[in-house]
Protein chains: 4
Amino acid sequence: MTEKRRRSPGRPPTTQKNTTTDQVIIHAAIRLFLNHGYQKVSVDDVAEACGVTKATVYYYFKTKAELFTESILQMMERIRRQIDSLLHSEKPLKDRLFDVAEAHLRATMDIDLDGFLRETKNNVSENQTHMMRQAEERMYQEIEVVIEEAVNNNEIRPVSPPFAAHAFIALLRMGNAPSMQELFTAYEEMATNIINFYWRSLTNE
Amino acid sequence: MTEKRRRSPGRPPTTQKNTTTDQVIIHAAIRLFLNHGYQKVSVDDVAEACGVTKATVYYYFKTKAELFTESILQMMERIRRQIDSLLHSEKPLKDRLFDVAEAHLRATMDIDLDGFLRETKNNVSENQTHMMRQAEERMYQEIEVVIEEAVNNNEIRPVSPPFAAHAFIALLRMGNAPSMQELFTAYEEMATNIINFYWRSLTNE
Amino acid sequence: MTEKRRRSPGRPPTTQKNTTTDQVIIHAAIRLFLNHGYQKVSVDDVAEACGVTKATVYYYFKTKAELFTESILQMMERIRRQIDSLLHSEKPLKDRLFDVAEAHLRATMDIDLDGFLRETKNNVSENQTHMMRQAEERMYQEIEVVIEEAVNNNEIRPVSPPFAAHAFIALLRMGNAPSMQELFTAYEEMATNIINFYWRSLTNE
Amino acid sequence: MTEKRRRSPGRPPTTQKNTTTDQVIIHAAIRLFLNHGYQKVSVDDVAEACGVTKATVYYYFKTKAELFTESILQMMERIRRQIDSLLHSEKPLKDRLFDVAEAHLRATMDIDLDGFLRETKNNVSENQTHMMRQAEERMYQEIEVVIEEAVNNNEIRPVSPPFAAHAFIALLRMGNAPSMQELFTAYEEMATNIINFYWRSLTNE
DNA sequence: AATGAATGAGGTTTCATTCAT
DNA sequence: TATGAATGAAACCTCATTCAT
């Protein structure tokens, strides 16, 4: 009864329809939590958003916090996969970073993954926090790995990969500020500026 | 935690207090809102934190949103003044930026000015949002001004001051991330790293 | 008065009840609102009066105003039906009016349909007011119809039916005044006097 | 400290300015209570309406109920005097009743003296209720007296004066109903209809 | 005479959660 | 699998009232 997520490890066969009720709920929850934050979204809101009743949500998730955690984890995994694929093309590093930047700016414009995790702390259990933290780390790790490779290749100067990865994400978060959005007309332009600024620190150009 | 000081109604006997009640309330509110966010802090919490009753809080602030707005405005002003004073010493720019960075990291460690403003949007009136936005801008403007001067002096290479100011703040926000806090043992060290990274982008060294 | 039946959450075990919970609530609400007026009756009072919790009341009615409106509408409909049936017997008009009068005096003695609608205005939405106004009109219309027939039959002299209907109700409302209640010992006597007075105006006797 | 109303008996010399603070308060209170009812009007509302503070209101009136009572008493006395003067002209009775009717309709249009006293019961003390009841009786008594005289003069057929007085007031209250206001375009017309209807019952015409 | 500051009690409403079906 | 009915706790806010000045 308490066992959910029955998928075997690894990527599931894509033919399977993934619209089981719990996934429908998670999808709605992600959207709502991202747009309004944990506290403002009620379980009723989530239920209504996906055409089931509150009791149904509770049938699949023991508490609101659990629903939240599951949602975040899935979302982070999604983002991680996207970053992953963008980072592993054949382009030079600077171009790959640009791709990630543009995608991130476009996607994050109305969400806010970060301020999110902060709200989290007081609302979910130790264990849940831990899992989210790990998922977050996984997102960063892809970037760290790529940076480490570039350092080894002498493509960039020696830097601490974790630090550089965080700096990268931090600069991307600038895009959230309304005043930054006034400064640039297109995501592309914003991405260009951010990458140029970042790249200058990574190299000696 | 559940023990409230009981005071009977009516004006309290004149004790020469140096702080007015509304300021006491604002102080408590700032602390609580920063630590827990708008939604999680109840007006009762604020009242209890400063030894008055809920009704007293409502005597001074018409709504919770108004209390929140006033708190934020005062806090931002406080930060602005601090940044201001650090930025106007006689040291070279890099050192002044370092001072700001260190102070900011130390102060923000357990607060979260940023994730804050996000929550804001859904909770306060248009007008209140506008005032906060302005106060935020004022905080940035000090930095912009200093950067502009440095550009004019050829102390740093030509950059867009608003962009550079936001980038500075964005990098400082890295400090909030728990994983960054694991990376460095002291604020000073973190500040040094951030400033070095930032400075490299501003100059051609 | 302070003793509430405690029931644990969840659907109560199936007892074959003939009345649905929302009807139970409405019944209690009608009684309380009539006796004490909208403002004085709290949602808690209503809940307690029918052995459920406040939250249950809100489960069925979105707001206090909505509960009020529904109550009034049902009550008016009840009265309308009663008047209706009394007015459509085979007796002569005067006797039928007497029946209505007596029933009304007996029923309204401790309620106050009228002062009610006044309070209403400031408490409910435009739309709700509109619905109540319509329900009120329907109550009067039965009387208007009967009077119009009587005019056509020459049973009474020509009068404006709406005016005559309102006059009838207005005279019945005399019964509410405590000083009138001192004047007569029985509803029957009061009704007789009122009908005689009214009838004299409708005829040339 | 508890002594208010310092005027010597009899009508006060009209030159005296009667705008003492307590009178200002009463005036504002009457207006507000009439328009919105007892419960909806807060002591703050009254204070604000006459430019003083709540504490000032409490300086003059021990409780809200007392303020209410005083207001009602003064208002009733005002009405009583007006009715009185209209009833004691030299015109025939029917015309005098018409004058009262028209004045009443004009004045009561948006107030509602009656439903008022009902709200009262649960809010003021026994004693206060008693005083209001008496004031109300005094209003009726003028009419009763005039009717009794007319009976004695054979100007009208023999009726119970108290009953007739109440019937008169009851018919006037018809004017409050919005649907009646739709029926007639002017107060004069409404008064004419009501008086004709009433008069027909009092006489054998 | 008048007021500013404070309170306690209570009101409406929301919401996570539970339980029988 | 899914739900309708119910609840308890807590949130925001109002208001009559009091008291020192």
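From a predicted model like this one, the values you see are computed outputs, not experimental measurements. Within every chain, numbering begins at 1; the chains are lettered A, B, ... in the order of the sequence lines, protein sequences first and strands thereafter.
In this entry the distance linking CD1 of A/Ile25 with C1' of F/dA2 reads 10 Å, nearest Å. One interatomic measurement links the two molecules: CZ of B/Phe61 to C1' of F/dT14, which rounds to 18 Å at whole-angstrom precision. Per the geometry, CD belonging to B/Glu66 stands 12 Å off P belonging to F/dT14, to the nearest Å. Put simply, OH on A/Tyr58 is 17 Å from P on F/dA2, counting in whole angstrom units. As rounded to whole Å, 15 Å separates atom C1' of E/dT12 from atom CD of D/Gln39. The interatomic distance linking D/Leu67 (CG) with F/dT17 (P) rounds to 10 Å, in whole Å. If you take CG of D/Asp44 and P of E/dG4, they are 12 Å apart, rounded to a whole angstrom. When rounded to the nearest whole Å, the span between OH of C/Tyr38 and C1' of E/dG11 equals 11 Å.
Between C/Tyr59 and the phosphate of F/dA6, there is no side-chain N or O to OP1/OP2 separation shorter than 4.0 Å. One finds a side-chain N or O of A/Thr53 lying less than 4.0 angstrom from the OP1 or OP2 phosphate oxygen of F/dT3. Within the 4.0 Å cut-off from OP1 or OP2 of E/dA6, at least one side-chain nitrogen or oxygen of B/Thr21 is found. Within the structure, every side-chain polar atom (N or O) of C/Ser42 is placed at least 4.0 Å from both OP1 and OP2 of E/dG10.
With sequence neighbours excluded, the residues forming a side-chain hydrogen bond (donor to acceptor under 3.5 Å, both in side chains) with A/Ser125 are A/Gln128, listed by chain and number. Residues passing the side-chain hydrogen bond (donor to acceptor under 3.5 Å, both in side chains) test with A/Thr53, sequence neighbours excluded: A/Thr56. D/Thr69 pairs by the side-chain hydrogen bond (donor to acceptor under 3.5 Å, both in side chains) definition with nothing, not counting sequence neighbours. For the side-chain hydrogen bond (donor to acceptor under 3.5 Å, both in side chains) test, residues two or more places apart in sequence or in another chain that qualify with C/Ser42 are C/Asp45. For C/Val24, the side-chain contact (heavy atoms from CB on, under 4.5 Å) partners at least two apart in sequence or on another chain are C/Thr19, C/Cys50.
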Candidate pair A/Tyr38 and A/Lys64, rule side-chain contact (heavy atoms from CB on, under 4.5 Å), full reasoning: CA-CA 9 Å; A/Tyr38 182 77; A/Lys64 185 188 179 187; 3.7 Å; yes
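Between D/Gly51 and A/Val41, the one whose closest nucleotide on DNA chain E sits nearer the 5' end is D/Gly51. Ranked by how close their nearest DNA chain F nucleotide is to the 5' end, B/Ala65 and C/Asp22 are led by C/Asp22. Between B/Tyr60 and C/Lys54, the one whose closest nucleotide on DNA chain E sits nearer the 5' end is B/Tyr60.
Of all nucleotides listed (E/dT17, F/dT17, E/dT12), F/dT17 comes nearest to the side chain of D/Lys64. For A/Val43, the side-chain atoms get nearest to E/dA16 when compared with the rest of E/dT7, F/dT7, E/dA16.
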Canonical and wobble pairing (Watson-Crick, G-U, under 3.5 Å) of DNA chain E, dot-bracket with |: .||||||||||||||||||||
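Inter-residue side-chain proximity for D/Met75 and D/Leu34 is flagged as met; some heavy-atom pair is nearer than 4.5 Å.
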